[in-house]
2 protein chains.
Amino acid sequence: MVDCYGMGGLIMHMTNRLDATFAALGDPTRRAILAMLLEDDMAVTDVAEPFEMSLAAISKHLMILMRAGLISQEKRGRVKWCKLEPDALRDVSVWMQGFGQFEPVNLDAFERFLESELPDESQT
Amino acid sequence: MVDCYGMGGLIMHMTNRLDATFAALGDPTRRAILAMLLEDDMAVTDVAEPFEMSLAAISKHLMILMRAGLISQEKRGRVKWCKLEPDALRDVSVWMQGFGQFEPVNLDAFERFLESELPDESQT
DNA sequence: AACATGCTTAACCGAATGGTTGACTGTTAC
DNA sequence: GTAACAGTCAACCATTCGGTTAAGCATGTT
């Protein structure tokens with residue numbers, strides 16, 4: 001196999017992180033979770049509430065988001081709080097920006113994305 | 001299952017496209033292919049050359065990039081040319097930009113990414 | 001102590017992913 | 001026409017993924 005990584009694993013680490021981040025973002029449930037956390041930090045149970053899916057499944061999704069660095073979790077008492085870590089998107093952003101000049105940030109379009117992906121607002 | 005999509009499938013279509021794009025970007029081989037195509041259009045065989053992987057495998061990767069809209073393919077004679085379509089990243093960019101202000105485009109960092117992910121340059 | 005809450009882990013399942021090889025279809029060259 | 005080239009398709013395989021249920025572990029509450 002070609003060594004796509006080089007530099008004795010350093011680049012590989014960066015590449016793996018990019019893999020993890022993109023893969024984490026490739027699931028609509030996980031993007032919805034991120035959109036929810038954009039509004040406020042949340043406990044695991046509250047994150048799970050709007051989804052018709054077991055708590056264990058959400059717990060797995062949160063683990064994937066954690067390993068991708070997209071969120072952090074902090075246990076206070078028996079509640080584990082989830083916090084968005086938007087910095088993890090910087091590498092992704094850097095990688096993407098090389099592929100062209102995108103139109104200046106379109107907040108309207110983003111609002112539509114957010115609304116469409118927030119599961120508890122889409123059934124009204 | 002919660003209807004995460006709404007609006008009679010329109011949003012679902014957008015969501016699916018976002019899924020497809022992120023998923024396509026989640027594989028290092030495919031990102032390397034995109035980086036190669038950033039330099040120039042290439043025939044399928046030439047895309048496959050630096051990878052130690054069958055032509056059929058590369059053909060599949062290219063199909064995935066096609067369906068994600070990240071590349072286009074045009075057959076001229078018996079050779080199929082692959083062309084980068086950076087516009088497909090716009091939706092992804094819009095989605096991402098909502099999560100925070102990233103530092104202004106860091107071209108140096110991007111160059112490093114590119115070099116690290118070009119498979120035929122990493123073994124020198 | 002006993003119980004309820006918050007969350008993770010383990011075992012399992014079906015479907016999707018990423019790769020292989022081999023046969024096949026077009027297209028060009030001789 | 002025949003041979004070589006460019007690429008896809010089909011069948012297969014191992015692994016991963018996204019979900020389930022059930023059990024288990026901490027932490028609070030009474």
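The structure presented is a predicted model; accordingly, all values stated were derived computationally and were not measured. Chain naming here is simple, since letters A, B, ... match the order of the sequence lines and numbering starts at 1 in each.
Which of C/dG18, D/dT27, C/dC7 sits closest to the side chain of A/Thr45 comes down to C/dC7. Nearest to the side-chain atoms of A/Lys80 among the listed nucleotides D/dC5, D/dG18, C/dC7 stands C/dC7. Closest to the side chain of A/Arg78, from the set C/dA29, C/dA4, C/dT8, is C/dA4.
Put simply, B/Ser54 has a side-chain N or O that comes within less than 4.0 Å of OP1 or OP2 on C/dT20. The side chain of A/Lys75 contributes no N or O atom lying less than 4.0 Å from OP1 or OP2 of C/dG6. For A/Ser59 and C/dT8, the shortest distance from a side-chain N or O to OP1 or OP2 is below 4.0 Å. Contact check, A/His61 against D/dC17: no side-chain N or O comes under 4.0 Å of OP1 or OP2.
If B/Ala43 and A/Gly77 are placed on DNA chain D by their nearest nucleotide, the residue sitting closer to the 5' end is B/Ala43. Looking at which nucleotide of DNA chain D each of B/Gln73 and A/Arg76 is closest to, the 5′-most match is held by B/Gln73. Taking for each of A/Ile58 and B/Ala57 the nucleotide of DNA chain C with the nearest heavy atom, the 5'-most of the two is the partner of A/Ile58.
The base of C/dG19 is paired with the side chain of B/Lys60 by a donor and an acceptor separated by under 3.5 Å.
Counting any heavy atom pair closer than 4.0 Å across all strands shown, B/Ala56 reaches a base atom. At the heavy-atom level, B/Arg30 lies under 4.0 Å from the strands shown only through sugar-phosphate atoms.
Rounded to the nearest 0.5 Å, atoms CG (A/Leu62) and CG (A/Leu37) are 7.5 Å apart.
Across all non-hydrogen atoms, the minimal contact from B/Ala88 to B/Ala68 is CB-O, 3.8 Å. The shortest heavy-atom contact between B/Gln73 and B/Val44 is NE2-CG2, 4.0 Å.
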